[in-house]
Amino acid sequence: MSTPYAKLPAWADYGLIPLINLSVAFIVAGFVVMLVGENPFRAAVILVEGAFGKGTGIAFTLFYATTFIFTGLSVAVAAHCGLFNIGAEGQAYIAGLGVGVVCLAFDSVLPWWLTFPLAIAAGAAVGALWALIPAYLQAKRGSHIVITTIMFNFIAASIMVYLLVGPLKPAASQAPQTRNFLAGAELPKLNWIIELFGAKIRSAPFNICFLLALVMAFLVWLLIWRTKLGYEMRTYGHSPKAARYAGISETRIIIIAMMISGALAGMMTLNPVMGDQHNVAIDFVSGAGFVGIAVALMGRLHPVGIVLAAILFGMLYQGGAELAFEMPAISRDMIVIIQGLVILFAGALEHMFRPYVQALFASFSPRSVGIEAVKGKGA
């Protein structure tokens with residue numbers, strides 16, 4: 001008779017297995033670095049030092065992480081309801097319309113601390129409404145959420161391109177973007193927090209959106225594990241039949257979960273638009289919606305794990321730029337390969353090593369020891 005798998009303790013499920021997957025990803029990445037004739041250990045040192053060795057690197061790492069926290073939370077909320085939202089990219093992109101309109105309308109008449117909450121509401125509302133359409137099609141028409149959200153990414157991109165090369169572009173400008181925002185729509189930097197620890201920062205876009213992202217992570221934790229709505233979402237995600245039997249409205253729960261997911265994706269817009277470039281430009285999302293899928297999976301759909309995974313990917317983005325500069329043989333495309341390996345092992349192959357870890361825990365579990373003792377007495 002085969003040995004039953006043991007239920008893993010939380011520290012192993014949420015810490016050990018992601019650590020194993022991440023370690024294997026970097027080992028494979030090390031072999032890739034060796035193939036181009038570079039020292040993988042030196043590359044690892046440059047990667048870490050580029051992300052955390054100086055104040056500017058830390059600030060950029062946290063700036064990138066802020067974006068990934070929002071998109072990771074977006075994917076996680078939908079996943080807890082059994083919905084694979086691949087549309088965070090488009091939801092964040094189209095939310096730039098809402099944020100941009102608020103900033104263009106009020107940047108000259110309101111201070112940033114009044115423009116900011118209006119922009120939060122606008123970005124969240126537009127992102128939620130964009131997610132509402134595929135949610136309705138899934139709930140009422142049976143259209144698969146993966147297909148519809150993918151297609152809506154392209155629709156959102158087409159709409160934004162039309163607006164940014166047409167109605168929203170200043171008449172005297174050739175760049176496909178809005179005019180630059182005035183001070184009333186520029187978010188304050190948080191670089192001073194890092195400088196309190198003695199680090200020096202030349203210039204970095206690390207801004208107040210990081211605090212908003214942490215607040216959203218806490219609110220998502222409350223929603224999923226401390227509210228009736230969150231319980232209904234998790235119930236439907238585990239078993240739609242059981243949820244229907246319990247009287248949970250399938251249409252309502254799908255639409256609410258997707259709208260919350262879209263709202264979180266929409267709030268991601270605030271970080272690059274108001275905190276960095278101070279305008280709405282073409283492709284300002286830059287794939288962050290798709291990275292959010294890996295962040296959510298690597299974080300095991302838990303807000304704490306998502307924050308940590310987002311910082312890891314922020315490290316890969318910032319440290320990868322330093323690595324490409326210090327080691328010319330490692331191009332930017334090589335950095336994308338390393339990021340892809342992390343996504344592969346943390347996402348697609350997340351369960352590769354789980355059976356072996358479960359078998360190892362089963363061999364040391366009290367039940368397993370008891371079975372062996374009974375066998376010994378029988379002999």
I want to check something: taking the side chain as every heavy atom from C-beta on, are [X] and [Y] in contact at a cut-off of under 4.5 Å?
X: Val291; Y: Thr71; result: no
X: Val307; Y: Phe68; result: no
X: Ile201; Y: Ile58; result: no
X: Leu118; Y: Leu110; result: yes

Under 4.5 Å between side-chain heavy atoms, counting indirect links through other Ile/Leu/Val/Met/Phe/Trp/Tyr residues: same cluster for [X] and [Y] or not?
X: Phe60; Y: Phe325; value: no
X: Phe41; Y: Met327; value: no
X: Ile260; Y: Leu214; value: yes
X: Val215; Y: Leu190; value: yes
X: Val220; Y: Leu211; value: yes

*Hey, are Asn85 and Ser261 close enough side-chain-wise for a donor-acceptor pair under 3.5 Å?*
yes
*Looking just at side-chain N and O atoms, do Tyr64 and Gln318 make a donor-acceptor pair shorter than 3.5 Å?*
no
*Is the number of heavy atoms from other residues, nucleotides or ligands within 6.0 Å of NZ (Lys54) greater than 12?*
no
*Could Glu195 and Lys200 be called an ion pair, given the rule that one side-chain N must be under 4.0 Å from one carboxylate O?*
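Not counted as a salt bridge, because no side-chain N and carboxylate O are separated by less than 4.0 Å.
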*asked:* What I want to find out is whether Glu232 reaches Arg252 closely enough, with some N-O distance under 4.0 Å, to be called a salt bridge.
replied: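 Salt bridge present between Glu232 and Arg252.
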Value rounded to 0.5 Å, distance of [atom1] in [X] from [atom2] in [Y]:
X: Met233; Y: Leu223; atom1: CE; atom2: CG; answer: 5.0 Å
X: Leu137; Y: Thr149; atom1: CG; atom2: OG1; answer: 11.0 Å
X: Glu322; Y: Glu49; atom1: CD; atom2: CD; answer: 10.0 Å
X: Thr67; Y: Asn271; atom1: OG1; atom2: CG; answer: 4.0 Å
X: Asp107; Y: Glu186; atom1: CG; atom2: CD; answer: 8.5 Å
X: Leu270; Y: Asn207; atom1: CG; atom2: CG; answer: 9.0 Å

*asked:* Before you tell me yes or no, could you show the steps for Phe63 and Phe210 under ring pair (Phe, Tyr, Trp, His ring centres under 6.0 Å), namely the whole-Å CA-CA distance, both residues' side-chain angles and the distance that decides it to 0.1 Å?
replied: CA-CA 7 Å; Phe63 167 73; Phe210 179 71; over 10 Å; no
*Does the Thr66 side chain pair with the main chain of Cys209, one donor and one acceptor, at a distance under 3.5 Å?*
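Side chain of Thr66 to backbone of Cys209, a donor-acceptor pair under 3.5 Å: no, none is there.
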_For the backbone of Ile224 and the side chain of Arg234, can you confirm whether one donor and one acceptor N or O come within less than 3.5 Å of each other?_
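Between the backbone of Ile224 and the side chain of Arg234 there is a qualifying donor-acceptor contact (under 3.5 Å).
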